[in-house]
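In what follows, chains are A, B, ... by sequence order, proteins preceding strands, each numbered from 1. From a predicted model like this one, the values you see are computed outputs, not experimental measurements.
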There are 2 protein chains.
Amino acid sequence: MNSSGSTKERILGAAEVLFAQRGFDGASLRQLTTAAGVNLAAVNYHFGSKDKLVEQVFRRRLDALNASRLTALAKVAGAPDTTLEDVLGAYIRPALDLSHDGSGSLFMRVLARAFAEHDDNLRQFLSANYGHVMRQFTAEFARLLPQLSKPELYWRIDLVTGALTHAMSGFGMIQRKSDVSEHAHREQTAQHLIRFAAAGLSHP
Amino acid sequence: MNSSGSTKERILGAAEVLFAQRGFDGASLRQLTTAAGVNLAAVNYHFGSKDKLVEQVFRRRLDALNASRLTALAKVAGAPDTTLEDVLGAYIRPALDLSHDGSGSLFMRVLARAFAEHDDNLRQFLSANYGHVMRQFTAEFARLLPQLSKPELYWRIDLVTGALTHAMSGFGMIQRKSDVSEHAHREQTAQHLIRFAAAGLSHP
DNA sequence: CGTATCCTCAAACGATCGTTTGAACCGGCG
DNA sequence: CGCCGGTTCAAACGATCGTTTGAGGATACG
């Protein structure tokens, strides 16, 4: 099927697709290697085990997503005229960009699946690779919403996270009308999410 | 382990726990029947197959949840002085009550898992048993938010659903302080969710 | 007592899983 | 050429999965 790129990259690509479709346990190495057009043993040869492969699938996208989010946050954080929408945009737009280009859209679904599964190993891994990003965003939210107590703020951030994860994992559903450009559609989606999140965060 | 109730009920109880913890595929019939204290073959004898068992696990809680939500909705729907908070309360409070009593809390996690898995069979089943409830609530939301276009309303309801599903699946985290009663804590949680959802639905 | 019905049990079935193995292939270098 | 490190290959490994089987226990009724 897939016949471009190195063996490792073909495995990573096929894994992302199948993990999103059938879950980490549901996608077998035999389905995966067949889809990638490589031998069954290639996964253990190049990655060591299936669990290590799962980690690499996350790492490949998460590193880029984290860097992109932090760069966008750095541009707006700390300034006196920063708005809630600015910070939310720094969080949401990089994920939308990832969802936009090709197979990246499936990764958000993989991420949503990982959230729903309360697997401890995976949560530890996500916390180690995701935690510092969330902490920086939380600090900026706290600065912009000084009227909220800490428990209250955490509550709202948790709810916003749930809404965004849910929305971004279902991006197949939100069809773009043919008379709007790809870029305009993405901006429209971003506005939806940002305004919703801002309203949920800042209501009295 | 579990030794109360009939064999069928013991299986259903253990299944709910293990499905929430390890997912539908992750929980094996051998773990399940061992936890329930019944023989391995009892699942296929009483339910026919593992898939049928999954259906029954959903049916047992979903029927009660749906009925409770529709009853609560009927009390407020259509009236001229109904508020958005009233309708949201009719949706949220029955789920909180379910989360409150014993093993029911795990069911919301099972539900969240089913949402994240994009399995077609399960989605069809949920749509058949859940669809009419969502449709009634959507109609009432449309009545109370006439300024929103249909696509806009669906967008916001989808985001609210994501936030609530996410929140209710993680109810282990929200610890009650010892100086507030169980009932007061639940009411506090309901207020959080309702206000957040109302803000997200009705923002300009 | 015999027997019929419902249920439980240990054991086995075939299928599929992740992983390992050892031989075969292949480009580059002495 | 011969050899060698990196890679791919078919085949097999043991484990675990959902499901089926047939014998046996329990209870109620004639």
*Asks:* Show every side-chain hydrogen bond (donor to acceptor under 3.5 Å, both in side chains) that has at least one partner inside residues 62-78 of chain B, sequence neighbours left out.
*Replies:* Arg69(B)-Tyr130(B)
*Asks:* Separation of Leu40(B) atom CG from dT20(D) atom P, in whole Å?
*Replies:* 12 Å
*Asks:* For the helix from dC1(C)-dG30(D) to dG27(C)-dC4(D), what is the angle between the axes at its two ends, each from 5 pairs, rounded to 10°?
*Replies:* 10°
*Asks:* Is there a donor-acceptor pair closer than 3.5 Å between any side-chain N or O of Gln136(A) and the backbone N or O of Val133(A)?
*Replies:* no
*Asks:* What pairs meet the salt bridge (charged side-chain N to carboxylate O under 4.0 Å, His left out) rule with one or both residues in residues 43-52 of chain B, with sequence neighbours excluded?
*Replies:*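 Residue pairs with at least one partner in residues 43-52 of chain B: there are none.
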*Asks:* Between the protein and nucleotides 4-7 of chain C, which nitrogen or oxygen pairs are less than 3.5 angstrom apart?
*Replies:*
residue, atom, partner, partner atom, Å
dC7(C), OP2, Tyr45(B), OH, 3.3

*Asks:* Mind checking side chain to side chain contact (heavy atoms under 4.5 Å, CB included) for Ala114(A) and listing every partner two or more places apart, or none if nothing turns up?
*Replies:* Phe24(A), Phe58(A), Leu122(A), Leu126(A)
*Asks:* Could you give the CG-to-C1' distance, from Leu18(A) to dG18(C), as a whole number of Å?
*Replies:*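 Computing the Leu18(A):CG to dG18(C):C1' distance gives 16 Å.
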*Asks:* Of all residues at least two apart in sequence or in a different chain, which pass the side chain to side chain contact (heavy atoms under 4.5 Å, CB included) check with Tyr45(A)?
*Replies:* none
*Asks:* Any sub-3.5 Å donor-acceptor pair from Thr33(A)'s side-chain atoms to Asn39(A)'s backbone N or O?
*Replies:* no
*Asks:* Looking at Asn44(A), does any N or O in its side chain come under 4.0 Å of the phosphate oxygens OP1/OP2 on dG18(C)?
*Replies:* no
*Asks:* Hey, what are the protein-to-nucleotides 14-17 of chain C N/O distances that come in under 3.5 Å?
*Replies:*
residue, atom, partner, partner atom, Å
dC17(C), OP1, Ser28(A), OG, 3.3

*Asks:* Decide, yes or no, whether a salt bridge links Glu85(A) with Arg195(A) under the criterion of side-chain N to carboxylate O below 4.0 Å.
*Replies:* no
*Asks:* Could you state the CG-P distance from Leu53(B) to dG18(D), rounded to the nearest angstrom?
*Replies:*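 Computing the Leu53(B):CG to dG18(D):P distance gives 11 Å.
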*Asks:* Can you list everything that forms a ring pair (Phe, Tyr, Trp, His ring centres under 6.0 Å) with His192(B)? Sequence neighbours excluded, please.
*Replies:*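 Testing His192(B) for ring pair (Phe, Tyr, Trp, His ring centres under 6.0 Å), a comparison that skips the adjacent residues, returns Trp155(A).
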*Asks:* Could you tell me which residues satisfy side chain to side chain contact (heavy atoms under 4.5 Å, CB included) with Ala15(B), sequence neighbours excluded, listed by chain and number?
*Replies:*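 Listed in chain order: Phe19(B), Leu32(B), Leu53(B), Val57(B).
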*Asks:* Go through the structure and list residues passing side chain to side chain contact (heavy atoms under 4.5 Å, CB included) with Arg156(B), not counting sequence neighbours.
*Replies:*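 Partners of Arg156(B) by the side chain to side chain contact (heavy atoms under 4.5 Å, CB included) criterion, ordered by chain and then number, come out as Leu148(B), Glu152(B), Leu201(B), His203(B).
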*Asks:* Does any N or O in the side chain of Thr161(B) come within less than 3.5 Å of the main-chain N or O of Ile157(B), such that one atom is a donor and the other an acceptor?
*Replies:* yes
*Asks:* Nearest 0.5 Å, what's the CG-CG distance between Leu111(A) and Leu106(A)?
*Replies:*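 Separation between the atoms: 12.5 Å.
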*Asks:* Whole angstroms only, please: what is the CG-C1' distance between Asn39(A) and dT20(C)?
*Replies:* 12 Å
*Asks:* What residues form a side-chain hydrogen bond (donor to acceptor under 3.5 Å, both in side chains) with Asn129(A), not counting sequence neighbours?
*Replies:* Arg59(A)
*Asks:* Restricting to nitrogen or oxygen on both sides, can you table the protein-nucleotides 22-25 of chain C pairs closer than 3.5 Å?
*Replies:*
none

*Asks:* Specify the separation, in whole Å, of atom NZ of Lys52(B) and atom P of dG18(D).
*Replies:* 16 Å
